[in-house]
Amino acid sequence: MNEVMTAADASSSLRNYSSQPSLAPSNFPLVSAFLACTIAQFLKIFTHWFKERKWDSRRMLSSGGMPSSHSATVTALAVAIGIQEGPGGSAFAIAVILACVVMYDATGVRLHAGRQAELLNQIVCELPPEHPVANVRPLRDSLGHTPLQVVAGALLGGVIAYLTSNSPQRTI
C-alpha cells in the first residue's frame with residue numbers, strides 16, 4: 001500500500017535530521033572531490049622529488065605532473081555521486097561525462113600545448129640577445145598530463161571517494 005506522509009511527520013523528520021550536530025560538511029561528493037584534489041596536489045611535491053631529485057613546493061599549486069589533480073577531482077566527484085545516489089541517476093551521468101571530457105582534455109589539448117610551449121621556449125633561448133623576443137618570459141610548459149598521470153589521478157580520486165564514503169562522520 002502507498003503510505004502518505006503528513007506535514008507533522010515531515011517536519012518531525014526534518015527536525016531530527018537537522019538537529020544532528022556535525023563539524024564536517026554534509027555534501028559528500030563535494031568533500032570527496034576537494035579532498036582528492038588536495039591530496040593529488042600535495043603528492044606532486046614528492047613525485048617531482050622522485051623524478052628530479054629536488055624539492056619544489058611550488059608544484060603543489062601548479063598544473064601538470066603526477067598525479068593529475070584534475071582527474072582525481074572529477075573521478076572522486078563521479079564515484080561519490082555514484083555511491084550516494086546510485087549509478088542510474090542523472091547526476092552520476094553528468095559527472096561521468098564531465099570526468100571523461102576533463103581527462104581527455106588533459107591528455108590531448110593541454111599536453112600538446114605544453115609540448116609546444118617547451119619547443120617555443122627552446123627556440124627563444126637560441127635567439128641572439130638583440131632579437132625583439134629574446135627577453136620574453138618563458139611560457140609555462142607543464143600544462144597537461146601523460147596518460148599514466150591521468151590514470152594515477154583517476155585511481156587516487158576513486159580510492160579517496162570510496163574511503164570517505166565509509167567514513168563514520170558521513171551523514172546522508
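- Under the side chain to side chain donor-acceptor pair (under 3.5 Å) rule, Ser32 has a single partner from Asn27, Thr75, Thr73, Thr164, which is Thr164.
- Transitive grouping of hydrophobic side chains (ILVMFWY, heavy atoms separated by less than 4.5 Å) keeps Val74 and Ile94 in distinct clusters.
- In terms of modelled atom types and a separation under 3.5 Å, the side chain of Thr107 and the main chain of Met103 share a donor-acceptor contact.
- The hydrophobic cluster containing Val102 does not contain Val79, counting ILVMFWY residues as joined when their side-chain heavy atoms lie under 4.5 angstrom apart, directly or transitively.
- In the hydrophobic clustering of this structure, Ile45 does not group with Leu43; members are Ile, Leu, Val, Met, Phe, Trp, Tyr whose side-chain heavy atoms approach within less than 4.5 Å, directly or through other members.
- Taking the ring-ring contact (aromatic ring centres under 6.0 Å, His included) definition, one finds that Tyr104 meets it with nothing, sequence neighbours left out.
- Annotation for Pro29 and Ala80: closest pair CA-CB, 3.5 Å, computed over non-hydrogen atoms.
- Side-chain contact between Leu30 and Leu77 is absent, with no heavy atoms from C-beta onward closer than 4.5 Å.
- When hydrophobic clusters are built by joining Ile, Leu, Val, Met, Phe, Trp and Tyr residues whose side-chain heavy atoms come closer than 4.5 Å, directly or via intermediates, Ile39 is not grouped with Phe42.
- Across every non-hydrogen atom of Pro67 and Lys44, the tightest pair is O-CE, 3.1 Å.
- One hydrophobic cluster, built from ILVMFWY side chains closer than 4.5 Å, cannot hold both Leu156 and Ile83; they sit in different ones.
- No donor-acceptor contact under 3.5 angstrom links the side chains of Ser68 and Gln149, judged on distance only.
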